[in-house]
Amino acid sequence: FANEKLQQHFNSHMFRLEQAMYSEEGIDWEHIEWEDNQPIIDALEKKASASSPPGVFVLLDSECLMPKATDQSFLQTIFSSFQGTPNDKVVTKAKRVATSEFAVTHYAAKVVYNVAGFLVKNMDRLDPDVVNLFQGLPEGVLSSFFEAAEAKPSKTVTVGSQFRGQLDELVSDLQQTYPRYVRCIKPNGRKAVHDFDSQEVLRQLRCAGMLEAIRIRRAGYGARRSFAEFVQRYGVICSSLKAGDAVSQCKEALEQICEMPQIKEASLPSPPYQMGKTKIFMKEQLQQALEELLTDAVAKRAVRVQSFWKMRQARARYMRQLVSARQLQAILRTCGARTEFLAHVRKKRSATAIQACYRKVVRRRKYLHLRDAALRLQKFVRKRASHRVYMARLKAAVALQAQLRTFLWTRKTAAALEAAREAARQAEVAYRLEVAEKKVEEQAAEILRQQQELESAQTKLGEASSELEKVRSESQLAAQARDTESQKREELEAQLQQVTAEAAATQEAAEARRKE
């Protein structure tokens, strides 16, 4: 039912637009017959009248008010109401045998309905407790759905009546707008890729009313273009067009096109086109003929463009060959002139070379005489200078050798003296250490012997103690001797440093004398 209402709105909207466009453009047109689905809508929702029975939805609402109504009684009411009426072809029995089904011939196709559960579903209302529960919710989407149900209705409202009311509001909103329709066609019913089922597509186009809309569009002037667009597209078909506005050029182009043999031989309806105020309206046959002429004209012009382009290429090739020939002639002439010029240059260079050789021999003799004299003079001067430098370097070397030998002898003497002193000092230290070790060994043996005899002779303890004091005093003397030895060593180091300083001073004096 919703599809029937929307299809009716689509048909009326499309045909109303067609009629409005023809009227605005001043086109003479005849009324186009098209299939109206108003009888189907009346058979579904119209109230009872003297000429027609009530619709199926009205019968369903009235049957719901009956106390002992059933689905079968509703089905019998439908059959008895539509029997012998103009709408008996819309609502019919589904089968000849008695069943719980009835059929409705919709705009798209015939559909069979089963009345099982119609009455129960039509009275399917929400429980009042559920409505009160959702109305008590805080403000939100759910509570807004039940705001209109606050007041209890004065009469029973069925699901069918609510649906018809909402559908009427939708159609009313659509009539106040300028809708645009998009028809979605599935290529197949299996949802498979790269599969086009022509029968399925044809069925969808027929059910959507697209075939009827296309037929009606083709019955009128299906092709329409503005004057400027027509001249821009089909102007190439004409031989020539005079300058002017788009309307005059369009008329002139149509006159020339209609005089063409291809248009006269084609079976075109009369009239094949009409001129509107802003557009030209054409039949589909004329549109196809113009497209064929356009294809031929474009092909001819393409051939002309190709010939012109080939001519340009041939001319460019000829000009390149002409330029190349001229360049080759110029090169040949240049080569001949260059040969003559080179012969003249060779003769001139030969004469110049002979003159240069003679002048070179004369001047070389003079140069060799002067060079020998200069070499002898340079040899004598360099000999004297070299002898002076050699003598100066010899004196410097002798002085340096003397100073170096003096320094080496001084350093060698100081090293030998130091080594002798160190050897004597080490020998003395070794001797004293040996003496001390012997004394320590003797003392250790004495101590051991005294310890062994301590148990038997306690009376000799005093002597041992006095002997021990003597050893300690000798150890102190040895330490004092070591201190004296370290003082002597420091004195020797001071004397060595003094000798080193004197040697350095002697070396500096020798260098100063050498520089003087």
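Note that the numbering runs from 1 along the sequence shown for the chain.
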Chemist: CZ/Phe341 to CZ/Arg346 distance, rounded to the nearest 0.5 angstrom?
Modeler: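 Result: 11.0 Å between the selected atoms.
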Chemist: For the pair Lys438 and Glu441, evaluate salt bridge (charged side-chain N to carboxylate O under 4.0 Å, His left out) and give the outcome as yes or no after the intermediate values.
Modeler: CA-CA 5 Å; Lys438 289 180 179 181; Glu441 290 177 357; over 6 Å; no
Chemist: Tell me every residue that passes side chain to side chain donor-acceptor pair (under 3.5 Å) with Asn188, counting only those two or more places apart in sequence or in another chain.
Modeler: none
Chemist: Mind listing the closest non-hydrogen atom pair of Gln204 and Lys186 along with its distance?
Modeler: NE2-O, 2.8 Å
Chemist: Once you round to the nearest 0.5 Å, how far does CD of Gln329 lie from CZ of Arg326?
Modeler: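 Gln329 atom CD to Arg326 atom CZ measures 8.5 Å (nearest 0.5 Å).
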Chemist: Take atom CZ in Arg301; do more than 12 heavy atoms of anything else shown fall under 6.0 Å from it?
Modeler: yes
Chemist: Out of curiosity, Leu167 CG to Arg164 CZ, how far, rounded to the nearest 0.5 Å?
Modeler: 10.0 Å
Chemist: Under a 4.5 Å cut-off applied to non-hydrogen side-chain atoms, are Phe230 and Lys279 in contact?
Modeler: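 When only atoms from C-beta onward are counted, Lys279 and Phe230 do not touch, as no gap falls below 4.5 Å.
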Chemist: Closer than 3.5 angstrom, by distance alone: can the side chain of Ser386 be matched with the main-chain N or O of Lys383 as a donor-acceptor pair?
Modeler: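 No, the answer is negative, given that no donor and acceptor are paired below the 3.5 Å cut-off.
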Chemist: Could you tell me whether the side chain of Glu200 reaches within less than 4.5 Å of the side chain of Arg190, counting heavy atoms only?
Modeler: no
Chemist: Look up atom OG1 in Thr295 and atom CD in Glu292, then write down how far apart they are to the nearest 0.5 Å.
Modeler: 7.5 Å
Chemist: Give, for atom CD of Gln378 and atom CZ of Arg371, the distance between the pair rounded to the nearest 0.5 Å.
Modeler: 11.0 Å
Chemist: Which distance, rounded to the nearest 0.5 Å, do you find between the CG of Leu408 and the OG1 of Thr413?
Modeler: 10.5 Å
Chemist: For Ser307 and Val303, indicate whether the former's side chain and the latter's backbone hold a donor-acceptor pair under 3.5 Å.
Modeler: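 Yes: the side chain of Ser307 pairs with the backbone of Val303.
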Chemist: Quick one: are Phe308 and Met311 in side-chain contact, heavy atoms under 4.5 Å?
Modeler: yes
Chemist: Just so I know, are the side chains of Leu290 and Met282 near enough to count as touching, which here means a heavy-atom distance under 4.5 Å?
Modeler: yes
Chemist: Identify the heavy atoms of Cys250 and Phe227 that sit nearest to each other, and give their distance.
Modeler: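 Nearest heavy atoms, Cys250 then Phe227: SG-CD2, 3.8 Å.
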Chemist: Compare all side-chain heavy atoms of Gln321 with those of Arg317 and state whether any distance is below 4.5 angstrom.
Modeler: yes
Chemist: Do Phe407 and Arg411 have side-chain heavy atoms sitting under 4.5 Å apart?
Modeler: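 Yes, close enough: below the 4.5 Å cut-off.
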